[in-house]
K.L.:
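Structure incoming, see below.
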Amino acid sequence: MGIDVKRIRRDFPILSARMNGKPLVYLDNAATSQKPRQVIEAIYKYYTQYNANIHRGIYAIAEKATQAYTDSKAKVAKHINASSIEEIVYTRNTTEAINLAALTWGEANIKKGDRILISEMEHHSNMVPWQLLSMKKGAKLDYIKLDSSNSELDMQSLGEQLEKKPKLVAITHVSNVLGTINDVKEIAKMAHKHGAKVLVDGAQSAPHMKVDVKDIDADFFALSAHKMLGPTGIGVLYAKRDILEHMEPLIGGGDMISTVDFYSCTWNSLPWKFEAGTSNIADAIGFGPAIDYLDRVGMGSIRQHEEKLTKYALESLEDMKNVKVFGLGKENLKKRGAVISFGIKGVHAHDIAQVFDSEGIAIRAGHHCAMPLVTQRLGESALARMSFYLYNEEKEVDKAVQAIEKVKKIFRID
Ligand SMILES: Cc1ncc(COP(=O)(O)O)c(C=O)c1O
């Protein structure tokens, strides 16, 4: 089923804004998504009608706020097929979710000489926490290499690394640079056979495709609400219940305890033992309607729409002289998300983005928080990147292509 993009666009107030005097063309969805009015209104309604702290007050608006906060978690749990809200820990974002896993599960389970396996296509968020942990513990950080096309993981390299018996495999579901969709279900199966736990960085998959944590058999799964129509300041660490039960809390304080005396305390039940202090209540409440929105449109339909747009963009770019597109080609659409990193020979990515900006088009330029991949593997100092979402249209891709022509003209590139 196709999606009604015109109708969807009407729900996003910012999409009728202008940038530099031109209608805004927002193609930086991998960085953060825009928000529908349903999300904005839910936050407004919380602050104007029932703002109160959760889990404390015994008056009506506090109970309503607690209920709305819990409902939002229930929606997330259902959306990713977690068993219950006990497996859904709210964090600030994917980065904090991965750090929480590293600082609690990692702290307790990674010992000197142990190995942690990640890949060469990781975002810094799924690299630096493991570097820090390895340094602290004297563990070894290994990498699954990219294949010779520099687009996909080399499965042979994965197999070889697994023989070294890592304790953890931490892998991105979709690369924010290459757009590659990794077969995390297969990777988890292989990793589990070798006794490793598996953490999936879902920052770029959860917004764009159906995620089923049980089907993947992920031990941990991290995501950010702000990339999936929700507010900033809310992320999720999903983990299997028995793993969370054995993990110690990271931060102590209010809300995460059950009982406290002067010298000791007992911890609250899951997931609250990981949510010390007053939570980001408003944004958690705003995440609920974002999930509703995605479910209403349907993750399958969103994925289909983005696949079509990606194909259209790849076809539009393929004959452009001196334009280099990174990642898998259009014949591999099933393995590619709606992220297109590209370069124009002889032009710095920042200059490309600046010309786009003057045309009202928002794209990202830089190393995309994946410096080792961009600079060491792809051999580029920076890349331009357009990334699509459910509200983008083919005519916006056309505008991007015209902007590339303009860049080439300004910089006198063929
Ligand atoms: C693959 C990947 N992982 C992690 C992150 C970090 O997300 P956040 O900044 O919301 O923590 C991003 C953000 O772009 C990402 O693309």
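Read the numbers this way: they start at 1 and go in the same order the structure lists the ligands and their atoms. Since this is a predicted model, take the numbers as computed values, not measurements.
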K.L.:
Taking all non-hydrogen atoms of both residues into account, name the closest pair between R385 and A31 and its distance.
P.N.:
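It is NH2-N, 3.6 Å.
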
K.L.:
Is the centre of the H367 ring less than 6.0 Å from the centre of the H124 ring?
P.N.:
yes

K.L.:
Tell me whether the guanidinium CZ or amine NZ of K73 lies under 6.0 angstrom from the six-membered ring centre of Y90 and within 45° of its axis.
P.N.:
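Output yes; distance and angle both within limits.
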
K.L.:
Please give the N or O to N or O pairs under 3.5 Å between ligand 1 and the protein, distances rounded to 0.1 Å.
P.N.:
{"unit_1": "ligand 1", "atom_1": "3 (N)", "unit_2": "D201", "atom_2": "OD1", "d": "3.2"}
{"unit_1": "ligand 1", "atom_1": "3 (N)", "unit_2": "D201", "atom_2": "OD2", "d": "2.5"}
{"unit_1": "ligand 1", "atom_1": "10 (O)", "unit_2": "S224", "atom_2": "OG", "d": "2.6"}
{"unit_1": "ligand 1", "atom_1": "10 (O)", "unit_2": "H226", "atom_2": "NE2", "d": "2.7"}
{"unit_1": "ligand 1", "atom_1": "11 (O)", "unit_2": "T94", "atom_2": "N", "d": "3.3"}
{"unit_1": "ligand 1", "atom_1": "11 (O)", "unit_2": "T95", "atom_2": "N", "d": "2.9"}
{"unit_1": "ligand 1", "atom_1": "11 (O)", "unit_2": "T95", "atom_2": "OG1", "d": "2.5"}
{"unit_1": "ligand 1", "atom_1": "14 (O)", "unit_2": "K227", "atom_2": "NZ", "d": "2.6"}
{"unit_1": "ligand 1", "atom_1": "16 (O)", "unit_2": "Q204", "atom_2": "NE2", "d": "2.7"}

K.L.:
How are the rings of F342 and F356 set relative to one another: parallel (under 30°), tilted (30 to 60°) or perpendicular (over 60°)?
P.N.:
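Ring orientation, 0 to 90° scale: tilted.
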
K.L.:
Listing request: all side chain to side chain donor-acceptor pair (under 3.5 Å) pairs with a residue in residues 335-350, at least two apart in sequence or in separate chains.
P.N.:
E152-K335

K.L.:
Can you confirm if the aromatic rings of Y293 and F12 lie within a centre distance of less than 6.0 Å?
P.N.:
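Yes, the ring centres sit under 6.0 Å apart.
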
